[in-house]
Amino acid sequence: MKNKYMCTIKINLEGGDIQFDVSNDEQLFSFRSGLAFIAIPQFFSTLTSFYQGNTNEVKIDCHGNYDYYIFSSDGEYILIEHKSHYPIERIFNYQFSLKGYMKAIDQGFKKYLEQLENEGIFPLENHVFADPLGEDVLNAFYNFSSLLKA
C-alpha cells in the first residue's frame, strides 16, 4: 500500500510566520518558523540539495523560537529530527519518502498560491524587503518545483 502525502501551507503575510504541514498515513510533521523570507528559501534549497545529491544533512534553525530541525536524506528517504523547547524540551523524529515529501510540498505550495490568487492577494503588487512571498521566496519555490518536472 502506498502512503498518500498531503500538505497544507500557512503563511502570515503581515508577520512572516510560516507553517508547512506534511502528512502521510502514519505521521504529521509541521515545519514552523518566523521570518518566512529567510526560512522558505532555506527550506526549498535544502530539499533541492537532497534531491540533487549535493548534501545529506542540514540543520535549520527556527526564527522566532529556540526550536531547530535536522533534515537528512539518503536520496530515497528524508529523515527529520525536530528539537522542540516549549513547553518542555522534546525531540520528535519523522521519516518520509523524499520524492513523496517533495511532491506534497510542491502541490501544497501551488495550491496555496492559487488560493491567494483567487482571493486577489497574489501576486503582491508592492514587494518590500522581508516580504513572505517576495521575489527570493518565489524564485526558490520555482527552482525547487522545476526539479519535479524533470
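Side chains are part of it too, since the values below use all heavy atoms of this structure and drop only hydrogens, waters and symmetry mates.
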Review point. In Å and rounded to the nearest 0.5 Å, what is the CG to CG distance from Leu35 to Asp61?
Key: 11.5 Å

Point to revise | Aromatic ring pairing Phe31/Phe43, orientation class (parallel under 30°, perpendicular over 60°, tilted between) | key: parallel

**Study point:** Check: Tyr66 main-chain N/O paired with His85 side-chain donor or acceptor under 3.5 Å
**Key:** yes

Check your understanding: Do Asp25 and Lys4 come close enough that some side-chain heavy atom pair is under 4.5 Å?
Key -> yes

Review point. Can a cation-pi geometry be assigned to Lys59 and Tyr68, taking NZ or CZ under 6.0 Å from the six-membered ring centre and within 45° of the ring axis?
Key: yes

Exercise for review: Check the pair Phe96 / Tyr77 against ring pair (Phe, Tyr, Trp, His ring centres under 6.0 Å), numbers first and verdict last.
Suggested key: CA-CA 6 Å; Phe96 296 97; Tyr77 293 98; over 10 Å; no

Check your understanding: Any idea how Phe44 and Phe109 line up, ring-wise: parallel (<30°), tilted (30 to 60°), or perpendicular (>60°)?
Key -> perpendicular

**Study point:** Same cluster (ILVMFWY, side-chain, under 4.5 Å), Tyr51 and Phe20
**Key:** yes

Practice item. Show your reasoning for whether side chain to side chain contact (heavy atoms under 4.5 Å, CB included) applies to Leu113 and Leu138. Key: CA-CA 10 Å; Leu113 292 177; Leu138 295 175; 4.3 Å; yes

Practice item. Working to the nearest 0.5 Å, report the span between CG of Leu79 and CD of Glu57. Key: 9.5 Å

Exercise for review: Test Ser33 against Ile18 for side chain to side chain contact (heavy atoms under 4.5 Å, CB included), laying out the working first.
Suggested key: CA-CA 5 Å; Ser33 184; Ile18 63 167; 4.1 Å; yes

Review point. Once the angle between the rings of Tyr101 and Phe29 is folded into 0 to 90°, is it parallel (under 30°), tilted (30 to 60°) or perpendicular (over 60°)?
Key: tilted

Check your understanding: Phe50 and Thr46: side chain to side chain contact (heavy atoms under 4.5 Å, CB included), yes or no, with the steps?
Key -> CA-CA 6 Å; Phe50 288 156; Thr46 296; 3.6 Å; yes

Point to revise | NZ-CD distance between Lys110 and Glu117, expressed to the nearest 0.5 angstrom | key: 13.5 Å

**Study point:** Expected output: side-chain Asp106 to main-chain Met102 donor-acceptor under 3.5 Å
**Key:** no

Review point. For Gln52 and Asn54, does a side-chain donor sit closer than 3.5 Å to a side-chain acceptor?
Key: yes

Review point. Under a single-linkage definition using a 4.5 Å side-chain heavy-atom cutoff for Ile, Leu, Val, Met, Phe, Trp and Tyr, are Met6 and Ile80 assigned to the same hydrophobic cluster?
Key: no

Exercise for review: Could you check if a side-chain atom of Cys62 sits within less than 4.5 angstrom of a side-chain atom of Tyr69, using non-hydrogen atoms only?
Suggested key: yes

Review point. Under a 4.5 Å cut-off applied to non-hydrogen side-chain atoms, are Ser97 and Glu76 in contact?
Key: no

Review point. Between Asp21 and Gln19, do the side chains contain an N or O donor and an N or O acceptor separated by less than 3.5 Å?
Key: yes

**Study point:** Backbone of Ile11 reached by a side-chain donor or acceptor of Tyr112 within 3.5 Å
**Key:** yes

Review point. With a 4.5 Å limit on heavy-atom distance, are the side chains of Phe37 and Asp136 in contact?
Key: no

Point to revise | Flag if over 12 foreign heavy atoms under 6.0 Å of CD, Glu14 | key: no

Study note, to complete from the structure: d(Asn56 CG, Asp74 CG) to nearest 0.5 Å is 9.0 Å

**Study point:** Separation of Asp67 CG from Arg32 CZ (nearest 0.5 Å)
**Key:** 8.5 Å

Point to revise | Reported CG-to-NZ distance for the pair Asn118 and Lys111, which is rounded to 0.5 angstrom | key: 11.5 Å

Review point. Is it the case that one hydrophobic cluster holds both Leu98 and Tyr94, taking links as side-chain heavy atoms less than 4.5 Å apart, direct or via other members?
Key: yes

Exercise for review: Write down the atom of Ala36, the atom of Pro41, and the distance for their closest heavy-atom approach.
Suggested key: O-CD, 3.6 Å

Check your understanding: Within a strict 4.5 Å, meaning less than it, do heavy atoms of the Ile105 and Phe144 side chains meet?
Key -> yes

Practice item. Please lay out, stage by stage, how Leu28 and Val22 fare under the test side chain to side chain contact (heavy atoms under 4.5 Å, CB included). Key: CA-CA 6 Å; Leu28 166 67; Val22 176; over 6 Å; no

